[in-house]
Amino acid sequence: MSVEGKKRIITTQRLLEMKQNGEKIAMLTAYDYTSAKIIDQAGIDIILVGDSAANVMAGHETTLPITIEQMIYHAQSVVRAVKNPMVVVDMPFGTYQGNSKLAVSNAIRIMKEAEADALKVEGGSEIIESVLTIISAGIPVMGHLGLTPQSIHKFGTYNVRAKEEAEANKLIEDAISLEQAGCFALVLEKIPAEVGKRVADILKIPVIGIGAGNGVDGQVLVMHDMLGLTQEFSPRFLRRYHDLHREMLKAVQNYIKDVKDKDFPNDQEQY
Ligand code: KIV
């Protein structure tokens with residue numbers, strides 16, 4: 001539901017129609033009220049409360065440490081802000097793998113406490129039981145294949161996935177299984193464009209890419225990366241739309257200078 005109690009305009013059905021009509025889906029991350037409000041105003045289709053909050057918000061090296069309580073806090077802040085986009089929340093590492101009963105109870109908790117619209121989980125055949133159980137509770141699930149950062153210790157690197165035929169075939173099989181299990185959409189991360197297009201052509205549900213080429217049904221980026229707030233992360237797929245790091249640095253330096261020079265506050269800025 002939206003801030004005014006009306007249903008949000010981007011639903012799972014609307015996303016399906018967008019794919020059928022060839023209309024690309026635009027998705028960005030947000031973890032806080034103020035950013036979510038701005039990107040809703042800009043007309044974004046989906047806001048992902050990603051577990052990348054572990055990196056961007058909390059400074060962890062991987063996404064693994066973020067807790068369900070922290071994800072719920074970020075999701076509540078975003079949900080409070082938005083009217084139109086669908087809000088999808090990442091289920092954090094350890095809340096759905098290996099135990100489908102635990103998975104559904106954690107999924108219900110996030111949906112109840114954050115009032116999210118849908119959840120996202122990483123993985124294919126290994127987590128299909130959990131996916132089926134969560135969907136059977138009436139919760140829409142978005143899948144995530146390719147580079148799945150919650151498995152970084154298994155992969156060992158953040159390199160491009162599914163370059164070899166065997167891994168590409170496994171990814172395609174997993175994508176089909178997730179669709180058959182009832183997922184409403186799928187994220188593909190850092191894979192060859194040709195594999196991304198093959199998956200998007202095979203599946204009826206929308207496929208949203210991050211480093212998966214232009215042949216998929218939509219794109220997702222981490223907002224802090226595309227605005228240039230983060231600097232240390234520069235993969236090929238990242239288009240920077242601004243250099244907010246430089247702008248913010250300049251603004252803060254100007255503020256410090258004005259305070260030190262006794263120029264701030266001036267006569268008009270005091271009571
Ligand atoms: O957590 C996240 O931001 C994500 C996107 C990179 C898809 O999962």
Side-chain angles (χ1 to χ4, degrees), residues 15 24-32 35-36 39 44-68 70-75 77-78 85-97 110 114 116-124 127 131 140-152 155 157-162 171 174-175 178 183-191 196 199-200 205-213 216-227 229-230 232-240:
L15 294 173
K24 297 280 186 183
I25 297 163
M27 170 162 139
L28 275 180
T29 59
Y31 322 107
D32 70 285
S35 311
I39 63 177
I44 204 78
D45 297 310
I46 306 176
I47 294 183
L48 173 66
V49 184
D51 60 357
S52 51
N55 314 120
V56 178
M57 294 279 102
H60 290 294
E61 270 189 26
T62 72
T63 56
L64 275 66
I66 201 159
T67 65
I68 192 165
Q70 289 164 340
M71 286 303 297
I72 289 171
Y73 168 78
H74 287 300
S77 309
V78 167
M86 170 184 279
V87 179
V88 180
V89 180
D90 261 336
M91 290 192 73
F93 176 67
T95 61
Y96 61 94
Q97 294 95 339
I110 300 172
D117 299 316
L119 302 176
K120 177 164 82 58
V121 292
E122 296 181 8
I127 59 148
V131 170
V141 173
M142 176 181 274
H144 183 159
L145 295 171
L147 176 64
T148 46
Q150 291 181 11
S151 304
I152 186 58
F155 296 144
T157 74
Y158 287 100
N159 291 347
V160 178
R161 307 301 313 175
L171 184 145
D174 281 343
L178 288 168
C183 284
F184 73 94
L186 176 67
V187 166
L188 291 181
E189 180 164 352
K190 217 169 177 188
I191 59 164
V199 176
I205 58 171
V207 175
I208 300 169
I210 172 162
V216 291
D217 308 304
Q219 300 294 328
V220 54
L221 285 176
V222 169
M223 187 194 67
H224 290 68
D225 296 336
M226 56 82 76
L227 290 178
L229 269 167
T230 50
E232 48 296 324
F233 183 66
S234 280
R236 186 199 294 199
F237 66 75
L238 174 59
R239 185 180 293 183
R240 289 199 203 280

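When a ligand or atom number is given, it counts from 1 through the structure's own listing order.
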Using the side-chain hydrogen bond (donor to acceptor under 3.5 Å, both in side chains) criterion, which residues pair with Asn55? Sequence neighbours excluded. none

Does Asp51, backbone or side chain, put an N or O under 3.5 Å from an N or O of ligand 1? yes

Looking at ligand 1, does any of its N/O atoms fall within less than 3.5 Å of an N/O of Asp90? yes

Is the shortest distance from a heavy atom of His144 to ligand 1 less than 4.0 Å? yes

Among all protein heavy atoms, pick out the one at the shortest distance from atom 2 (C) of ligand 1; state its residue, atom name and that distance to 0.1 Å. Ser52 OG, 3.3 Å

Below the 3.5 angstrom mark, is there an N/O of Thr29, backbone or side chain, next to an N/O of ligand 1? no

Heavy-atom count around Tyr73 OH within 6.0 Å, excluding the residue itself: above 12? no

Using 0.5 Å steps for rounding, measure from the CD atom of Gln97 to the OG atom of Ser151. 7.5 Å

Check: Val160 main-chain N/O paired with Glu189 side-chain donor or acceptor under 3.5 Å: no

With no hydrogens and no angle check, do the side chains of Ser234 and Arg240 hold a donor and an acceptor under 3.5 Å apart? yes

Among all protein heavy atoms in this structure, tell me which lies nearest to atom 8 (O) of ligand 1, with the distance rounded to 0.1 Å. Lys120 NZ, 2.9 Å

Between atom CD1 of Ile46 and atom OG1 of Thr29, what is the distance when rounded to the nearest 0.5 Å? 12.5 Å

So between Asp225, Leu48, Leu28, whose heavy atom ends up nearest atom 5 (C) of ligand 1? Leu48

Name the closest protein heavy atom to atom 6 (C) of ligand 1, giving the residue it belongs to and the distance to 0.1 Å. Ile210 CD1, 3.7 Å

If you count the atoms of ligand 1 from 1 in the order shown, which ones are under 4.0 Å from a heavy atom of Val222? 3 (O)

Quick one: closest heavy-atom pair of Gly196 and Val216, and the distance? O-CG1, 3.5 Å

